[in-house]
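This report concerns only the one structure given below.
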Amino acid sequence: MEVLYGLHSVEEALRAGNRQFDHVCVARERHDQRLQRVIDLCRETGVRLRFEPREHLTKLAKTPGHQGVVAVVRAKSLLELEDLLDGPEPRLLLALDGVEDPQNLGALLRTADGAGADGVILTERRSAPISPVAIKASAGAAEHVPIARVVNLSRALEQLKERNLWCVGLDERGTMSYDEFDFTSNCVLVLGREGAGLHDLVRKHCDHLLSIPMAGKVASLNVSVAGAVVLYEAARQRRAAHDQPKAAAPAKKKVQKGLGS
């Protein structure tokens with residue numbers, strides 16, 4: 001069992017219905033509408049409630065930033081890579097190549113959910129775990145986004161290519177601007193480590209390397225910010241393609257030759 005803490009984290013876990021709850025602890029000292037929503041959800045879903053002193057919640061969560069609610073739950077079950085390919089096309093996936101900061105992981109999960117990504121791929125090694133900190137940073141989005149964990153990301157990218165997905169890496173040395181790529185087809189966006197970027201072998205397995213033009217003195221953005229920029233560009237393109245009148249002639253697709261073509 002593990003703990004979740006924070007209003008959004010616990011509320012979204014209750015709404016998603018994917019977790020097995022042991023119980024939820026609520027601070028006796030807090031009385032407001034936001035916390036009452038969590039209490040009402042617990043009662044609606046049959047989850048046991050305990051009203052405890054705030055100090056008990058702080059000890060359980062190992063942080064005072066629990067916002068008056070802590071849940072004891074079974075650990076989140078992760079998916080297999082193949083599970084992320086089930087569903088309507090075109091698929092949009094996000095792969096993280098060694099993102100180690102739980103705050104960045106949580107922010108990226110929140111963005112993936114908001115941008116309509118179909119799933120997130122994490123690596124077993126050199127990757128932040130889906131911890132209470134990451135879940136709180138995701139504002140509960142971690143409970144809704146399908147997540148798969150793989151042993152070898154390069155091998156996973158090869159499998160995705162075999163399933164006709166473009167593998168697109170974000171790299172400050174990329175020769176194509178992120179907004180020039182056609183995201184309306186099946187694709188996986190690959191983001192690298194904080195500071196170091198993509199591993200060499202992962203970079204070699206990408207069909208395209210995209211960059212975000214920078215007008216200032218700093219060469220790159222934080223990985224969670226960069227991911228948000230590109231994922232929302234992908235969402236914009238897909239929304240525009242979906243909203244295109246069916247009677248109109250289809251727009252000419254961009255030619256997307258891979259690296260080495």
Side-chain angles (χ1 to χ4, degrees), residues 2-21 24 34-35 37-38 40-42 45 47 61 63 65-81 83-88 90-123 127-150 170 183 187-192 194 221-236 238-239:
E2 65 181 21
V3 298
L4 299 179
Y5 60 83
L7 290 164
H8 286 301
S9 299
V10 177
E11 181 177 354
E12 294 307 322
L14 287 164
R15 292 189 187 281
N18 298 323
R19 297 267 199 164
Q20 181 180 336
F21 280 75
V24 172
R34 293 180 68 197
L35 186 57
R37 285 205 304 267
V38 174
D40 292 342
L41 271 172
C42 288
T45 54
V47 173
T63 174
H66 48 70
Q67 299 178 304
V69 59
V70 178
V72 178
V73 300
R74 188 173 296 280
K76 182 179 176 66
S77 298
L78 300 184
L79 304 174
E80 299 294 331
L81 182 63
D83 297 325
L84 300 185
L85 301 177
D86 292 336
R91 308 296 284 172
L92 173 62
L93 303 179
L94 173 66
L96 304 183
D97 179 23
V99 172
E100 297 180 335
D101 187 325
Q103 296 287 343
N104 282 333
L105 174 58
L108 285 164
L109 292 174
R110 186 174 186 176
T111 298
D113 179 63
D118 298 298
V120 176
I121 303 166
L122 306 178
T123 55
S127 176
I130 305 174
S131 63
V133 175
I135 293 169
K136 187 173 187 295
S138 78
E143 302 300 325
H144 299 285
V145 177
I147 302 172
R149 196 178 288 280
V150 298
L170 190 61
F183 283 101
C187 57
V188 53
L189 172 66
V190 190
L191 302 180
E194 295 92 346
L221 298 171
N222 169 277
V223 63
S224 63
V225 175
V229 169
V230 181
L231 282 171
Y232 271 94
E233 169 61 18
R236 183 197 67 78
R238 287 166 176 250
R239 186 169 58 250

Please report the closest heavy-atom contact between [X] and [Y], naming both atoms and the distance.
| X | Y | answer |
| --- | --- | --- |
| A61 | Y5 | CB-CD2, 3.9 Å |
| A13 | R19 | CB-CG, 4.5 Å |
| V120 | A112 | CG2-CB, 3.9 Å |
| D118 | P90 | OD2-O, 3.9 Å |
| V188 | A95 | CG2-CB, 3.8 Å |
| R110 | A137 | CD-O, 4.3 Å |

Quick one: does any side-chain atom of [X] pair with a main-chain N or O of [Y] as donor and acceptor, under 3.5 Å?
| X | Y | value |
| --- | --- | --- |
| S138 | I135 | yes |
| N18 | H144 | no |
| K76 | I147 | no |
| E194 | E100 | yes |

(message) By the definition side chain to side chain contact (heavy atoms under 4.5 Å, CB included), identify the one residue from H66, R34, R37, E12 that meets it with L7.
(response) R34
(request) Please determine which of L191, V223, V229, L221 meets the side chain to side chain contact (heavy atoms under 4.5 Å, CB included) test together with L170. (result)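 With L170 as partner, L191, V223, V229, L221 yield a single side chain to side chain contact (heavy atoms under 4.5 Å, CB included), made by L191.
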Between [atom1] on residue [X] and [atom2] on residue [Y], distance to nearest 0.5 Å:
| X | Y | atom1 | atom2 | result |
| --- | --- | --- | --- | --- |
| L4 | E11 | CG | CD | 13.0 Å |
| D83 | L78 | CG | CG | 10.5 Å |
| L94 | L122 | CG | CG | 8.5 Å |
| D113 | L109 | CG | CG | 9.0 Å |

